[in-house]
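Have a look at the structure below before the remarks.
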Amino acid sequence: MSGGAKGKKKQHEHDRTELSEKFRRYFKIPTTLVAVSISKDAAKADGNPARYCGMVRRTAHFGDSFTVTTDNLTCANAVTALGFAPVGDNELPHLDAGTRAIHIEPLDTKGGEPDVVLIASNPRKLMGISTLLSKVLQKPVEFSVRGDVAVCGEGTAIPIVEGRANISLLCNGARVFSGYRDDEMVLGIPYPMFAEFTSLLSEEQITEAMCGCIMDDMPKQVIDSFLSFGFTKGTDHFAGRFEGEIIRLYPLKDTLGRVRNLSLHLPLRLDTAEDASRVESSVDWPPNTPLNAAARGEWLDVTMLLDLNEPLDSAVTRGEAFHALLREGMKTLIDEGRNLEKSGKAKH
Amino acid sequence: MNLDKYNNIHRETSGLINVHPIQRGGILTPEARAMLDEFGDGYSVCDYCFESRVDLVSKPPIRNLAEDVAEFLGTDEVRFTAGCRHAKFMVVRSMCEPGETMVLDSLAHYTSYLAAETSRAVVTEVPHDGYPGFNVLPESYGKVIDDVEDRTGNPPRLALLTHADYRYGNIADAAEVGKICRKRGVPFMLNTAYTSGIMPIDARRLNADFICGSGHKSWAASGPIGICATTYEYADTVFAKSTIRGNWSGRGFTKKEVGCFGCSPVFGLPVMTLMASFPTVVRRVQNFPEEVKKALFLIDELEKIEGLHCMGQRPHRHPLCNIESLPFFEVSRKHKQRGYFLYHALKKKGIVGLHPGMTKNFKINTYGLPMGDVRKVAAAFIEIARDNELEVRG
């Protein structure tokens, strides 16, 4: 994902209404997302004279739309920060002069790509957005705060000029005259970044949720270890093909839910249930063998118990030594299973 | 908001053979289907409601239905609920105070866990015996109940057993678990979402104090509707009436039952389709062994495909089965439709109900399918296996 927006004219395939809906649903943002478009073309002011930050707030809370020109913009700092007039103080975050009109409207209305998206919300919501955004960008979301050109300079001009997201703690004007509550802040995100970021969002609480499957709570390193060995993870067990046989691996839990043993399974289908019982009773493995054979209908479940002598999540950290244990167990299981299968067929 | 998307909606799977694991027992009887228009309105059963509770309505005969269902299940009292999950919730919330322990089998449906969670009860699981049978053994109930008593000083307030589990279609030994619970003085709830309505259930023979069932899963009802059945011993507790009074108005609602949200939300089609199907349901439970035979035929055919294996109890005792199918997964890795190939291949042959995208294992339910359709399902799988160069015995 790119970190900048300046000069970037990539067309985003996503409908802005859908993006708005997806973003709000994901982060549970109660306010409307505000789309701000800067225009070099003259336009007729639409909306009573007010501060820019006040209009943004009205859009966020009531879904109103505005066209801002110098005719209805009442805040001198915003006039310069938004590029309606040249700026005297270069330290002030600002757009280059040349702005003739600014369109402020809800993002969830039909329209073109705006320059910036403003999100008015509380610190907790903005923390959630910033945390994920910084993970995606692999750099922190910054605060550039002066406290005198807030929604206009910090929230709007900085994202457009610097191509980065910026959080504003707002200014006195916004809080005193434009109605922002004490717990409100504004995050500005350049639209291309917003669109790309939002398209990446997936509802992990749904897609990555635990569904009640039996293998749900296996730690990642355990799963990775079995996968690298050649098993695939099912909902009920791990399975893989080795020496042409399908071997199932099942982590056995003790009464406290700890895994210190694995069982390897080779179910053999014999012709009849009687065959399976006959072979089961003919097994003459020595006592205390980790092998077992049990008839289950026409199936003979041949099982090899692997005692890890330690918890499974420690055992898998032993890498090749752990895999060697699995290999050895599987070889014994397959050899013994084939012998039993032969004896089942021979006596049939 | 584009409202056009809600127009002219049709069910894509109509007319196809449906083997969806949760749908077979809920397919309406012709008698229930005939109710759809006449009783489709929201409160259509409330024309002659004089007692302010749906279970007490006499015209249509819902009150009679509740009595007959109670008798059918070997219990004393029944309430219709907004699903089996609601029935379980009613029992758990009335039996367990927050912080008290209930035990349940480790294959229980998620709604059993959530019934505990909403009631702030603590769950202690009874383990199953793992791959390949995944059996929940009665003696494990005894051990877990004793462990809870040793640990907390009190026996659990409730034991829940899933009669046939949704994962493997194993049928647990409910009578034995019930006996163990009775010996230890632990009230016993049996979740029969996959059994009552398709096989005979008698709470007395199973030593069950509570039977919870699902109308839309197993009683040929449109739903949502569940069944909460109990004995006179627990009826006043589970079906406790409202005692709240308005502090200013003095209003009270003493006929309303708290666990049922006052009057159970099953008005209209949920209860009327259950009623219309009930005579068929009473008869059809006797045919359960024949239904199992169909499933066994299918399992036998599927297991002719190399590497396919029905997990769970053998011989299998329920029409729902879970087949592990690594070879289909191996095919999917090279197939252009990836994991969806099996679903699409079956749909082309007029069969639906497998979870789209699943190939490592799949669940299938043959309940109520004519034998000819079961044969078609078996033949379709075998043809798909051969088309993809899997080995097929015989």
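Computed from a prediction, not measured in an experiment: that's the story for all the values here. Order of the sequence lines fixes the chain letters, A, B, ..., with proteins taken first and strands second; residue numbering starts at 1 for each chain.
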Inset, instruction - Answer yes or no: are there more than 12 heavy-atom neighbours, outside A/Lys110 itself, under 6.0 Å from its atom NZ? - result: no

Legend entry - Which portion of B/Glu125 sits near chain A, non-hydrogen atoms under 4.5 angstrom: neither

Inset, instruction - Measure B/Tyr113 against the heavy atoms of chain A and call it side chain, backbone, both or neither at under 4.5 Å. - result: neither

Inset, instruction - Flag the pair B/Asp300 and A/Arg269 as a salt bridge only when some basic side-chain nitrogen lies within less than 4.0 angstrom of an acidic carboxylate oxygen. - result: yes

Inset, instruction - Please step through salt bridge (Lys or Arg N to Asp or Glu O under 4.0 Å) for the pair A/Glu298 and B/Arg393, ending with a clear verdict. - result: CA-CA 15 Å; A/Glu298 302 89 340; B/Arg393 275 191 305 119; over 6 Å; no

Legend entry - Part of B/Asp147 within contact of chain A (heavy atom distance under 4.5 Å): neither

Inset, instruction - Take atom CZ of B/Arg120 as the centre, draw a 6.0 Å sphere, and report whether it contains more than 12 heavy atoms from other residues, nucleotides or ligands. - result: no

Legend entry - CZ-NE2 distance between B/Phe134 and A/His237, expressed to the nearest 0.5 angstrom: 6.0 Å

Inset, instruction - Verify, without hydrogens or angle tests, whether A/Arg296 (side chain) and B/Met311 (backbone) share a donor-acceptor contact under 3.5 angstrom. - result: no

Inset, instruction - Just give me the residue among A/Pro267, A/Gly234, A/Gly257 that pairs up with chain B most often, heavy atom to heavy atom, under 4.5 Å. - result: A/Pro267

Legend entry - Per-residue contact mode, A/Asp236 against chain B (heavy atom under 4.5 angstrom): both

Inset, instruction - Assess whether atom CD of A/Glu328 is packed by more than 12 heavy atoms of other residues, nucleotides or ligands within 6.0 Å. - result: no

Legend entry - Top of B/Gly307, B/Pro132, B/Pro315 for chain A proximity - count of heavy-atom pairs under 4.5 angstrom: B/Pro132

Legend entry - Pairwise distance CZ(A/Phe238) to CG(B/Leu326) - rounded to 0.5 angstrom: 13.0 Å

Legend entry - Heavy-atom check, side chain of B/His309 versus side chain of A/Ile246, under 4.5 Å: no

Legend entry - Exam field: side chain B/Lys360 to backbone A/Lys233, donor-acceptor pair closer than 3.5 Å: yes

Legend entry - Contact class of B/Pro127 relative to chain A, heavy atoms under 4.5 angstrom: neither

Inset, instruction - Could you tell me which portion of A/Thr17 (side chain, backbone, both or neither) has an atom closer than 4.5 angstrom to a non-hydrogen atom of chain B? - result: neither

Legend entry - Region of B/His316 in contact with chain A, defined by heavy-atom distances below 4.5 Å: neither

Legend entry - More than 12 heavy atoms of other groups within 6.0 Å of B/Glu391 CD: no

Inset, instruction - Check each atom of B/Tyr131 against the heavy atoms of chain A and say whether the ones under 4.5 Å are side chain, backbone, both or neither. - result: both

Legend entry - chain A contact via B/Leu308 - side chain, backbone, both or neither, heavy atoms under 4.5 Å: backbone

Legend entry - Heavy-atom neighbours of A/Phe242 CZ exceed 12 at 6.0 Å: yes

Inset, instruction - Inspect the surroundings of CG in B/Asn2 and state if more than 12 heavy atoms from other residues, nucleotides or ligands are less than 6.0 Å away. - result: yes

